[in-house]
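Here the structure is laid out as structure tokens; the discussion comes afterwards.
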Amino acid sequence: MAKYVPSPRDWVRDQVELYESSGGTKGTTLRDTGLPVVLMTHRGNKTGEIRKTPLMRVKDGKNYVLVGSQGGAPTDPAWVHNLRANPQIELRDETVVRSMRVREVEDAAEKARLWTLAVAAYPPYADYQTRTERRIPVFVAEPQ
Ligand code: F42
């Protein structure tokens with residue numbers, strides 16, 4: 001059976017643990033910004049292991065927008081490859097956990113609209129895009 005493998009980054013692993021162990025009542029914001037974070041559970045595309053990734057909460061109606069910014073790093077985060085291979089995820093938004101299906105946003109107009117929502121929710125995303133050559137990937141997660 002697949003097992004949960006925590007992030008190798010201490011601050012990420014700690015946030016996941018606090019978020020989950022409190023049932024979504026603690027550890028739900030990004031450090032000192034106070035901005036809300038969701039918790040995505042997904043499957044490793046090579047290992048098949050269960051991965052848990054905190055991301056900024058960006059909402060578009062009932063859907064969530066997932067932004068593969070990784071602080072403007074030069075490469076896509078590993079979870080982007082996982083979602084491309086297996087679009088089935090679970091998303092925890094504080095106390096609510098839902099099964100969702102993701103799709104990568106390819107259409108330029110749709111991506112521009114969602115990018116505006118993302119930057120409104122978390123302004124540093126705009127700065128991250130200027131720091132990297134890659135186009136930051138954006139996914140939409142839709143409840144099932
Ligand atoms: N990252 C973002 O990209 N966007 C955000 O909005 C965001 C917000 C955020 C808020 C709070 C917080 O605590 C963290 C936040 N992060 C945000 C950071 C985010 O949680 C991730 O740590 C970051 O995006 C990097 O993701 P990553 O998947 O690259 O994580 C690395 C460190 C990692 O876990 N690597 C694993 C490892 O063991 O090295 C591998 C993980 C993996 O999924 N492996 C796959 C497998 O099969 O298991 C293979 C993947 C492949 O390359 O094909």
Side-chain angles (χ1 to χ4, degrees), residues 1-106 110-143:
M1 215 174 76
K3 67 175 187 301
Y4 164 50
V5 180
S7 170
R9 293 179 188 165
D10 287 355
W11 66 281
V12 173
R13 186 172 59 229
D14 291 351
Q15 177 150 32
V16 170
E17 195 180 317
L18 182 60
Y19 205 132
E20 285 208 313
S21 66
S22 68
T25 59
K26 290 187 185 150
T28 61
T29 60
L30 178 65
R31 293 186 270 190
D32 40 2
T33 68
L35 292 170
V37 167
V38 292
L39 196 58
M40 172 177 70
T41 299
H42 53 108
R43 240 356 138 88
N45 75 94
K46 293 176 185 155
T47 60
E49 305 294 18
I50 295 166
R51 307 279 182 185
K52 298 187 180 185
T53 304
L55 297 171
M56 300 317 293
R57 179 171 75 196
V58 181
K59 289 203 75 176
D60 180 28
K62 286 185 184 164
N63 297 341
Y64 289 76
V65 183
L66 313 177
V67 179
S69 55
Q70 196 173 198
T75 55
D76 289 336
W79 60 262
V80 163
H81 305 293
N82 296 340
L83 299 198
R84 284 176 182 153
N86 178 4
Q88 201 62 44
I89 65 162
E90 192 181 84
L91 201 74
R92 175 184 273 279
D93 183 355
E94 299 189 345
T95 58
V96 179
V97 183
R98 291 190 198 90
S99 285
M100 298 211 178
R101 201 172 174 84
V102 301
R103 66 179 169 83
E104 189 163 1
V105 179
E106 311 283 0
E110 185 184 19
K111 192 164 178 184
R113 185 180 74 78
L114 297 177
W115 185 253
T116 302
L117 289 181
V119 171
Y122 186 61
Y125 281 144
D127 181 40
Y128 295 166
Q129 183 57 85
T130 65
R131 275 193 229 162
T132 177
E133 297 284 307
R134 71 187 167 96
R135 297 307 298 170
I136 289 178
V138 172
F139 294 81
V140 174
E142 296 169 340

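In listed order, ligands and their atoms are each counted from 1. This chain uses plain numbering: 1 for the first residue, then up along the sequence. Since the structure is predicted, the reported quantities are computational estimates derived from the model, not experimental observations.
- Panel note: side chain T28, backbone T25; no donor-acceptor pair is recorded below 3.5 Å.
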Acceptor/donor pairs from residues 73-82 side chains to any protein atom, 3.5 angstrom cut, sequence neighbours excluded:
residue	atom	partner	partner atom	Å
D76	OD1	R134	NH1	2.7
N82	OD1	N45	N	2.9
N82	OD1	N45	ND2	2.7
N82	ND2	H42	ND1	3.4

One line per pair, note the atom names and distance for all nitrogen or oxygen contacts under 3.5 Å between ligand 1 and the protein.
residue	atom	partner	partner atom	Å
ligand 1	3 (O)	V67	O	3.4
ligand 1	3 (O)	S69	N	3.2
ligand 1	3 (O)	Q70	N	2.8
ligand 1	4 (N)	V67	O	2.8
ligand 1	4 (N)	S69	OG	3.2
ligand 1	6 (O)	M56	N	3.2
ligand 1	6 (O)	Y125	OH	2.6
ligand 1	13 (O)	Q15	OE1	2.7
ligand 1	16 (N)	P54	O	3.4
ligand 1	20 (O)	P54	O	2.8
ligand 1	24 (O)	W79	NE1	3.1
ligand 1	28 (O)	A78	N	3.4
ligand 1	28 (O)	W79	N	3.0
ligand 1	29 (O)	A78	N	2.7
ligand 1	43 (O)	R51	NE	3.4
ligand 1	43 (O)	N82	ND2	2.7
ligand 1	47 (O)	N45	N	3.1
ligand 1	47 (O)	K46	N	2.6
ligand 1	47 (O)	T47	N	2.8
ligand 1	47 (O)	T47	OG1	3.3
ligand 1	48 (O)	T47	OG1	2.6
ligand 1	48 (O)	R51	NE	3.0
ligand 1	48 (O)	R51	NH2	2.7
ligand 1	53 (O)	N45	ND2	2.8
ligand 1	53 (O)	K46	NZ	3.3

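- Between the R92 side chain and the T41 main chain, no donor and acceptor come within less than 3.5 Å of each other.
- Scanning for salt bridge (Lys or Arg N to Asp or Glu O under 4.0 Å) contacts around E90 gives an empty result, with sequence neighbours left out.
- K62 pairs by the salt bridge (Lys or Arg N to Asp or Glu O under 4.0 Å) definition with nothing, not counting sequence neighbours.
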Salt bridge (Lys or Arg N to Asp or Glu O under 4.0 Å) evaluation trace for K3 with E49: CA-CA 6 Å; K3 67 175 187 301; E49 305 294 18; 3.1 Å; yes
